[in-house]
Amino acid sequence: MSNRSISGELSRKIIIVISILVLGGVGGIVTFSGIKVTDSVKKNAKSSLDIYIGDINGMLNEIETMNSFVSWQLADHISDPDYISVINEKLMGYGSMVSGVSIAFMPDFYPDKGKYYSVRTLRDSKSGTIASHTDDSYVSEEWFTDALQQSKAIWSEPYSSSDVGLVTTYSAPLTDANGQIYAVLAIDVSLLNITERLSGKHFYEGSYSVILSSGGVILSHPDESLLLRKITEYSASKEDKEFMQLSEEMLSGKSGIGEIRSEKAAAIYGQVGNGWSAAIICPAEDIFGTTVRFQLLIILIALVAILVLYFVTRFIIDRTLLPITEITYLAKNVAKGNFKAVISKVEGNNEMFHLNEALRNMLKSINDYISQLRTTTAANERFESELAIASNIQQQMLSTDFINDEEVDLFATLKPAKEVGGDMYDFLRVGRIIYFAVGDVSGKGVPAALYMAISRSLFHYVSEMSLSTNSIVSCINSSFFSSNDSNMFITMFVGRLDLDTRELVFCNAGHNPIIIISPDGKAKYIQAKSNMAAGVFEMFPYEKESIIVEKGSRLLIYTDGVTEAEDVKKNQFGEDKLIEFATSMSPDTSSEVFVEKLSEAVREFAKDTEQSDDITIMSVRV
């Protein structure tokens with residue numbers, strides 16, 4: 001059979017038809033390209049406006065979410081009116097966008113402070129310093145009265161401040177557990193700061209943005225002389241009907257695209273979440289100057305012409321490529337997932353023959369791969385199921401009946417790096433004695449988990465015999481060494497706290513130094529004697545130590561998964577940052593909250609970095 005090229009024969013016939021179609025379709029292509037350019041401009045403009053409004057909403061949401069922060073802070077310090085200035089200064093720390101904060105209470109809320117009491121904190125516009133002072137003249141302020149009357153958070157109309165410039169105030173009522181309003185939060189927001197943060201967003205070279213308040217006041221405009229003017233007054237002065245109509249639609253809450261003939265520009269406008277509206281003004285020359293790039297659509301139209309050609313040349317294709325029918329049938333079956341479909345062998349030595357052979361080989365390869373994939377998937381599912389069961393069992397082994405009474409507050413957590421891990425913690429109470437331990441088995445995964453279970457069980461068993469801390473470690477060391485063909489070991493900190501004398505007797509077996517936090521909030525590491533990790537030397541003489549723990553102090557015991565946690569740049573959390581965190585927490589913080597906050601700080605530091613080691617944290621507050 002002749003080895004004649006089918007593609008060559010088809011090419012000659014198709015080119016003749018294409019020539020006729022293209023000559024008659026050029027006019028349609030030009031018209032169609034104009035339509036597509038216009039549609040593209042509208043879509044791009046809408047997308048740009050959505051991004052711009054999203055940035056504005058993001059900034060305003062930063063302010064509105066402060067309401068929850070203040071409610072939480074006041075709930076913890078409601079009995080301390082002098083702490084209000086601390087809360088205000090924390091809010092001021094969100095950045096230069098916040099120029100002032102006030103928390104004003106209902107009359108007689110703090111009788112000792114007088115009938116009216118509020119704390120106002122301001123930022124000096126020149127030096128950047130923050131200062132707080134009390135104020136009793138707020139009861140007639142609009143931000144206070146309007147928030148009370150409407151019983152909801154509101155944004156004020158913009159106004160000019162001699163220190164900051166253009167300002168708007170967000171005020172929100174604060175309610176107690178019964179839903180009763182007891183105070184109003186007011187945050188002054190610098191509109192100049194918002195404008196500066198958005199100033200770099202130019203969607204076209206000559207474009208600019210405008211922001212209007214809910215009352216139609218111009219908040220942002222390149223021409224500063226227009227600030228605080230009504231948009232309706234400005235549009236009327238331009239004697240531009242389209243501009244006036246556009247202004248009215250913006251104030252009525254609509255979105256769309258309009259024309260400003262006086263500026264030979266188009267305006268894309270929409271609504272901001274707090275009742276404001278925003279628009280992007282783009283010169284017509286910038287928008288339609290890109291039409292040249294869309295001339296490439298002519299190529300796309302040519303491809304459409306080829307599709308039309310398909311119907312014209314269908315008869316020719318059917319006569320020339322009869323074998324393609326069977327291949328099409330096969331492709332449809334494969335698309336439906338029927339990889340068992342059969343295709344007949346094509347005789348010959350042309351493109352159809354080689355394509356037929358390639359498809360037959362492809363089907364065989366796909367079926368072989370699916371068979372292997374099913375086998376591998378089933379094995380992986382069984383293994384993952386077993387790991388999940390092992391992880392659940394390991395978590396159930398950990399003590400969760402934490403101690404929290406008038407004498408001691410103990411809480412701990414363990415987060416393995418894999419499904420199962422090698423960290424452990426345990427504690428138990430024997431009369432007036434509290435035994436507790438934190439350990440870290442070398443390695444990770446299933447082997448480390450097995451040794452973790454052994455060490456936890458040994459600690460619990462030996463501690464019930466009221467042995468000394470060094471004797472407990474020695475027992476665990478002997479047990480590890482006698483059956484340790486894998487050369488694994490465990491670093492441990494074992495403590496014995498006498499609740500009557502507050503004497504802490506401990507033995508540190510190669511573990512991280514623990515931290516003690518005094519009642520005044522100062523934190524330091526306790527440097528212990530250099531004992532060897534358990535499981536290394538059989539007869540190692542472990543030594544114990546003791547200190548007296550002052551009432552109100554906290555002990556922080558942890559594994560190296562905390563200090564060695566890494567961020568994306570391979571920087572470690574480190575001992576200095578751990579001390580800094582411990583010092584920042586209030587001595588009255590419960591052990592559970594303390595542990596949760598430390599875990600959160602480590603996660604925030606690591607962010608998207610995968611956890612590389614098990615993390616265990618224990619807090620004991622006396």
Side-chain angles (χ1 to χ4, degrees), residues 57 59-92 94 97-123 130-161 163-164 166-191 194 212-217 219 228 251 253 271-276:
N57 282 329
M59 297 178 197
L60 299 182
N61 287 340
E62 288 182 30
I63 302 300
E64 294 177 354
T65 53
M66 294 180 187
N67 190 2
S68 300
F69 171 81
V70 172
S71 297
W72 170 63
Q73 286 281 296
L74 284 176
D76 289 343
H77 303 281
I78 196 66
S79 61
D80 184 8
D82 295 328
Y83 191 80
I84 308 304
S85 61
V86 177
I87 299 175
N88 284 5
E89 291 172 8
K90 288 182 178 180
L91 295 182
M92 297 292 290
Y94 274 79
M97 184 168 61
V98 178
S99 61
V101 178
S102 296
I103 300 179
F105 294 86
M106 299 298 289
D108 297 320
F109 189 84
Y110 289 115
D112 294 338
K113 295 292 185 178
K115 183 176 182 63
Y116 302 105
Y117 180 71
S118 73
V119 178
R120 179 163 180 78
T121 303
L122 298 173
R123 186 193 312 277
I130 297 172
S132 299
H133 65 275
T134 58
D135 183 19
D136 61 359
S137 63
Y138 58 90
V139 291
S140 60
E141 296 287 345
E142 288 185 0
W143 59 263
F144 183 83
T145 57
D146 289 351
L148 291 180
Q149 291 174 359
Q150 299 184 36
S151 298
K152 66 177 183 180
I154 57 174
W155 287 87
S156 74
E157 284 293 300
Y159 57 93
S160 180
S161 170
D163 293 330
V164 184
L166 206 57
V167 176
T168 183
T169 298
Y170 168 79
S171 55
L174 303 177
T175 58
D176 57 22
N178 297 321
Q180 297 297 315
I181 298 175
Y182 65 89
V184 172
L185 165 67
I187 303 174
D188 296 335
V189 180
S190 169
L191 292 176
I194 292 179
L212 305 181
S213 72
S214 58
V217 177
L219 307 181
L228 293 182
L251 296 179
Q271 302 303 307
V272 183
N274 67 340
W276 295 356

Keeping Ser99 on the side-chain end and Asp188 on the backbone end, is there a donor-acceptor pair under 3.5 Å? yes
Lys90 and Tyr83: which non-hydrogen atoms are nearest, and at how many Å? NZ-OH, 3.3 Å
In short, Met92 meets Leu122 closest at the heavy-atom pair CE-C, 3.9 Å
In this structure, CG of Asp108 is separated from NZ of Lys113 (nearest 0.5 Å) by 15.0 Å
Would you say Val86 and Gln73 make side-chain contact, with heavy atoms under 4.5 Å? no
Separation between CZ of Phe109 and CD1 of Ile78, rounded to the nearest 0.5 Å: 4.0 Å
Drop me the distance from Ile87's CD1 to Thr121's OG1, to the nearest 0.5 angstrom. 10.0 Å
In Å and rounded to the nearest 0.5 Å, what is the CG to OG distance from Asp146 to Ser151? 11.5 Å
Taking Thr168 for the side chain and Ser156 for the main chain, is one N or O donor matched with an acceptor at less than 3.5 Å? yes
Ignoring hydrogens and angles, tell me if any N or O in the side chain of Tyr138 forms a donor-acceptor pair with the backbone of Ser102 under 3.5 Å. no
Val217 to Pro158 - nearest heavy-atom pair and separation: CG1-CG, 3.7 Å
Around atom CD of Glu157, are there more than 12 heavy atoms of other residues, nucleotides or ligands at under 6.0 Å? yes
For residues 171-180, please give each side-chain donor-acceptor pair under 3.5 Å, one per line with the distance, not counting sequence neighbours.
residue, atom, partner, partner atom, Å
Ser171, OG, Trp143, O, 3.3
Asp176, OD1, Asn178, N, 2.9
Asp176, OD1, Gly179, N, 3.1
Asp176, OD1, Gln180, N, 2.9

Between Phe105 and Leu74, which heavy-atom pair has the shortest distance, and what is it? CZ-CD2, 4.4 Å
Ile154 and Ala147 have their tightest heavy-atom pair at CD1-N, 3.8 Å
Of the non-hydrogen atoms in Trp155 and Glu64, which two are nearest, and what is the gap between them? NE1-OE2, 2.9 Å
What orientation do Tyr110 and Tyr117 show, parallel under 30°, tilted 30 to 60°, or perpendicular over 60°? perpendicular
First locate atom CG of Leu185, then atom CE of Met66, and finally report the distance between them rounded to the nearest 0.5 Å. 9.0 Å
Distance check, rounded to the nearest 0.5 Å: Ile84 atom CD1 versus Arg120 atom CZ? 15.5 Å
Which is it for Leu148 and Met106 under the side chain to side chain contact (heavy atoms under 4.5 Å, CB included) test, yes or no, and what are the steps along the way? CA-CA 10 Å; Leu148 291 180; Met106 299 298 289; 3.9 Å; yes
